[in-house]
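A short write-up of the structure that comes next.
Indexing begins at 1, ligand by ligand and atom by atom, following the structure's order.
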Amino acid sequence: MIRKLSLAWRLAIMFAVTAAAVFSCVAVFLYCVMTDSVRGQIRGELMFQHVLLDPMLRERHTEEEWQVVRQKLSGMTQDGGRMRYWIMSDDPRYRYGNALATKTGQPLTDEEIAFVKDEAQRVWCVMSRTIAALGDRPAVRFVVAQDSTSYLATKESFTRILRTTSALGILLVAALGYWIAKLGLWPVRQLSREANALPPGDPRQRLRLEKLAPEIHQLGVSFNNALARRESAWLQLEGFNADVAHELRTPLTNLIGQTQVALSQRRDVDELQDILMSNLEELERMSNIVNDMLFLSCAENGVRAAELSQVSLRHEAQKTADYLEDAFLLRDMRVTLDGDASACVDRRLFHRALANLLSNSARYARRGTQVTVTIAVVGARVQVRVADQGEPIPPAQRARLFERFYRGDAARAQSGAHHGLGLSIVRAIAVMHGGEAFADSQDGINTFGFSMMRRPET
Ligand SMILES: Nc1ncnc2c1ncn2[C@@H]1O[C@H](COP(=O)(O)OP(=O)(O)OP(=O)(O)O)[C@@H](O)[C@H]1O
Ligand SMILES: [Mg+2]
């Protein structure tokens with residue numbers, strides 16, 4: 001439910017809760033201060049009465065003298081007056097007035113104030129003091145009472161006012177909070193209007209940041225960055241579609257052309273066999289492109305290498321180098337291996353990655369040079385580097401080498417045979433093993449390589 005609440009409502013509720021907490025604290029504080037100060041006043045008055053009257057009681061002890069005390073006290077007590085006095089004693093001769101029970105029923109404690117109620121429901125605040133025994137007179141408790149009905153009424157009305165003003169204050173703060181939140185969220189609505197105004201079908205469009213409020217500017221920048229990433233993915237996809245179509249168009253055109261030529265006249269079996277062989281080659285090339293594309297799309301969807309086994313990478317690399325020996329011999333080149341590492345990898349994929357790098361070296365490195373395959377452990381990964389001597393690769397070109405269908409000029413010249421998928425596959429295989437691919441070109445040495453986790457990630 002709370003998730004569906006708008007931001008403005010949420011902020012208003014938060015304001016209200018905060019206001020409730022603040023108002024409650026202030027109200028409790030004011031209540032305590034008020035009660036304390038009134039109690040202090042009453043206490044002072046009761047104390048004053050005791051200081052005034054206690055000596056009169058203390059000195060009198062005979063019954064006759066006590067009679068005088070009674071007369072004095074009744075003289076001081078008027079009907080409906082604010083003050084009352086009574087004397088509590090075990091000996092009835094020394095009692096005076098009708099002692100009332102405290103509201104809580106607790107016995108009185110000397111110099112503590114307590115509340116009692118009389119028959120007319122008036123509330124009295126009382127304070128007692130024990131007057132020590134003297135002569136025949138036993139110890140008595142002298143109680144002074146002050147009418148505190150008006151004090152209690154004031155306290156009640158004060159509490160009522162506090163409650164009402166607190167409730168009104170909370171409502172007011174909540175309403176103001178809602179209004180402020182609405183006002184404060186205006187830049188967000190502005191951003192949303194801007195975003196909605198972006199024309200569909202044009203990935204180049206961006207939000208006009210200069211129109212945005214400063215608070216929302218960073219959000220706008222992030223939004224534009226997301227749009228830029230979208231655009232580059234979109235362009236890549238567009239380019240990729242065009243590349244696939246382009247790569248498949250050439251073999252398809254060849255196939256159609258050759259088949260039309262074959263059908264244009266009667267052919268003997270040998271001729272037809274040649275044509276079919278040539279068509280088969282084209283079909284195989286197309287099939288390779290499609291298989292490579294499927295492989296890359298699997299890797300991009302997060303498929304991990306599954307058939308893992310613990311192998312010596314040098315041993316496996318040697319097998320790959322042997323397999324490509326003819327390609328190197330053709331160009332008077334030699335492959336040397338350096339280092340070793342044991343790792344848990346998919347052998348078939350490892351061969352495929354290394355074969356892609358080595359066949360690139362056999363194709364693009366200078367004739368008669370040496371190619372070095374270095375295997376090393378780097379942290380939790382193994383690194384395989386293939387270094388050859390060839391034309392320097394400019395940095396701008398280097399950044400694009402791992403893109404699908406990207407080919408350098410030399411490769412483009414033989415575009416029928418090479419599609420620019422080899423390095424993308426190397427990178428995909430590295431990623432499938434929790435690693436990455438890299439390329440470098442320095443001092444006439446071109447280095448291509450990949451890394452793989454030594455043990456599968458759990
Ligand atoms: N060892 C290398 N030396 C110089 N350039 C290289 C080397 N390896 C790759 N390249 C450049 O990188 C480009 C991409 O290589 P990649 O292996 O992806 O494609 P390809 O070799 O052109 O085609 P494919 O591998 O699909 O047959 C190549 O066209 C080439 O320009
Ligand atoms: Mg290649």
Side-chain angles (χ1 to χ4, degrees), residues 236 239-240 242-251 281-282 284-297 299-300 317 320-321 323-324 326-328 330-338 349-374 383-432 436-451:
Q236 226 172 332
F240 171 68
D243 283 337
V244 174
H246 180 78
E247 291 304 322
L248 292 179
R249 192 179 57 183
T250 314
E281 266 174 35
E282 291 293 355
E284 276 171 352
R285 200 169 299 153
M286 285 167 67
S287 160
N288 284 343
I289 295 178
V290 171
N291 286 339
D292 286 349
M293 295 307 304
L294 283 177
F295 178 80
L296 287 173
S297 100
E300 256 166 31
T320 316
Y323 174 73
L324 291 169
D326 290 347
F328 284 103
L330 265 175
R331 302 194 65 225
D332 284 338
M333 292 170 76
R334 228 162 35 88
V335 180
T336 56
L337 298 183
D338 190 13
L349 294 182
F350 175 80
H351 281 295
R352 189 168 179 191
L354 186 58
N356 280 0
L357 294 184
L358 284 175
S359 55
N360 279 352
S361 291
R363 198 175 309 138
Y364 305 117
R366 262 198 303 280
R367 205 183 173 83
T369 54
Q370 177 173 308
V371 177
T372 313
V373 180
T374 312
Q383 208 174 60
V384 181
R385 309 167 74 89
V386 177
D388 61 36
Q389 297 164 33
E391 291 301 314
I393 308 170
Q397 200 176 332
R398 226 181 297 157
R400 302 196 54 200
L401 291 178
F402 291 95
E403 284 175 19
R404 286 185 282 202
F405 295 115
Y406 179 79
R407 283 170 302 204
D409 296 336
R412 231 167 277 168
Q414 345 167 10
S415 61
H418 305 292
H419 311 285
L421 287 173
L423 288 180
S424 324
I425 288 173
V426 173
R427 183 170 66 179
I429 292 173
V431 171
M432 286 167 90
E436 59 199 14
F438 50 86
D440 195 17
S441 178
Q442 260 179 28
D443 308 325
I445 306 286
N446 293 331
T447 309
F448 287 80
F450 58 90
S451 63

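- Scanning all heavy atoms of the two residues, the minimum distance from Ala430 to Ser451 falls at CB-O, 3.6 Å.
- For atom 4 (C) of ligand 1, the nearest non-hydrogen atom from the set Tyr364, Phe405, Phe402, Tyr406 belongs to Tyr364.
- Close approach of ligand 1 to Gly420 (heavy-atom distance below 4.0 Å) involves ligand atoms 18 (O), 19 (O), 20 (P), 22 (O), 23 (O), 24 (P), 26 (O).
- For Leu401, no nitrogen or oxygen atom sits less than 3.5 Å from a nitrogen or oxygen atom of ligand 1, counting backbone and side chain alike.
- Electrostatic pairing of Arg404 and Glu247 does not count as a salt bridge here, judged by no charged N lying under 4.0 Å from a carboxylate O.
- Of all the heavy atoms of Arg363, the ones lying under 4.0 Å from any atom of ligand 1 belong exclusively to the side chain.
- When non-hydrogen atoms are compared, ligand 1 lies under 4.0 Å from the side chain of Asn446 (C-beta onward) but not from its backbone.
- Within the set Asn360, Ile425, Asn288, Thr447, the minimum heavy-atom distance to atom 9 (C) of ligand 1 is found for Asn360.
- An N or O contact shorter than 3.5 Å is missing between Arg407 and ligand 1 by distance.
- With a cut-off of 2.8 Å, the Mg ion (ligand 2) has no N, O or S atom of Ser359 in range.
- Which parts of ligand 1 touch Ile393 is read off a 4.0 Å heavy-atom cut-off, strictly below it: atoms 4 (C), 5 (N).
- Closest approach of Arg427 to Phe402, counting heavy atoms only: NH2-O, 3.6 Å.
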Item to complete: Take Arg366 and Asp388 through the salt bridge (charged side-chain N to carboxylate O under 4.0 Å, His left out) test and state the conclusion after the steps.
Response: CA-CA 8 Å; Arg366 262 198 303 280; Asp388 61 36; over 6 Å; no
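- For Phe438 against Val384, the heavy-atom pair with the smallest separation is CZ-O, 4.1 Å.
- Around the CZ atom of Arg334, the shell of radius 6.0 Å holds no more than 12 heavy atoms that belong to other residues, nucleotides or ligands.
- Partner of Phe448 under the side-chain contact (heavy atoms from CB on, under 4.5 Å) criterion, chosen from Leu357, Leu358, Val426, Asp440: Leu357.
- Considering backbone and side-chain atoms together, His418 places an N or O closer than 3.5 Å to an N or O of ligand 1.
- With respect to Asp338 and Arg385, no salt bridge is recorded, no charged nitrogen being found less than 4.0 Å from a carboxylate O.
- Among the atoms of Phe448, none of the N or O lies under 3.5 angstrom from an N or O of ligand 1.
- Where the criterion is an N or O separation shorter than 3.5 Å, residue side chain and backbone included, Asp388 meets it with respect to ligand 1.
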